[in-house]
Amino acid sequence: VERPLVMVLGADEPLDSDIRMMGLDWFDQTLDYWMEWTRRLALPFEWQEAVISAAITLKLCSYEETGGIVAAPTTSLPEKLGGERNWDYRFCWLRDATFTLLALINSGYSEEAEAWHDWLLRAVAGAPAKGELP
């Protein structure tokens with residue numbers, strides 16, 4: 001049985017009904033967003049679940065407010081267990097962003113590529129946030 005899980009940060013008290021309803025409303029809005037976003041994927045039935053899951057994972061690597069793309073949704077993983085070299089994946093690595101964008105574009109999502117292109121131009125100019133070009 002699948003049930004929605006909504007996490008709320010707040011006081012250590014029982015939730016009142018308004019907060020519960022707000023959480024369920026946020027859950028419904030999130031579900032609607034992803035259903036609408038994935039609607040464009042044209043997939044064979046047998047691969048549908050895997051491709052939708054992969055596409056959502058790639059989309060989650062993009063920061064909608066700026067268009068930047070993180071290398072991975074993790075941070076500071078060691079190159080090898082016990083090793084000294086750690087890689088910080090919170091930053092936009094051009095190679096990784098290119099692979100992410102290639103997969104999204106091939107799936108029909110060019111808006112992310114356009115947003116990333118605009119972000120890259122702003123980042124090179126020293127103002128990566130939207131509307132901050134010097």
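None of the values given here were measured: they were computed from a predicted structure.
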Do Y33 and Y109 land in one hydrophobic cluster if side-chain heavy atoms of ILVMFWY residues count as linked below 4.5 Å?
yes

Give every residue pair that meets the salt bridge (charged side-chain N to carboxylate O under 4.0 Å, His left out) criterion with at least one member in residues 43-54, sequence neighbours excluded.
none

Residue set satisfying side-chain contact (heavy atoms from CB on, under 4.5 Å) with W34, at least two apart, ordered chain then number -> T30, W37, I56, K59, L60

If a pair satisfies salt bridge (charged side-chain N to carboxylate O under 4.0 Å, His left out) and one of its residues is in residues 31-44, list it, with sequence neighbours excluded.
E36-R39, R40-E111

Could you check L120 against L94 for side-chain contact (heavy atoms from CB on, under 4.5 Å), going step by step and ending with a plain yes or no?
CA-CA 9 Å; L120 182 60; L94 298 180; 4.0 Å; yes

Report the residues that fulfil salt bridge (Lys or Arg N to Asp or Glu O under 4.0 Å) with E64, sequence neighbours left out, ordered by chain and then residue number.
none

Taking only residues two or more places apart in sequence or in another chain, which ones pass side-chain contact (heavy atoms from CB on, under 4.5 Å) with F99?
R95

Neighbour count >12 (heavy atoms, 6.0 Å) for atom CE, M21
no

Within the distance-only criterion (no hydrogens, no angle test), does the side chain of R122 pair as donor or acceptor with the backbone N or O of T66 below 3.5 angstrom?
yes

Nearest 0.5 angstrom please: C61 SG to I69 CD1, how far?
8.0 Å

Set of residues satisfying side-chain contact (heavy atoms from CB on, under 4.5 Å) with respect to Q48, sequence neighbours excluded:
L43, F45, I52

Heavy-atom nearest pair, S110 first then I105, reads CA-CG1, 4.5 Å

Measuring from atom OG of S62 to atom CG of L101, what distance do you get when rounded to the nearest 0.5 angstrom?
8.5 Å

Nearest heavy-atom approach of A97 to W116 is CB-NE1, 3.7 Å

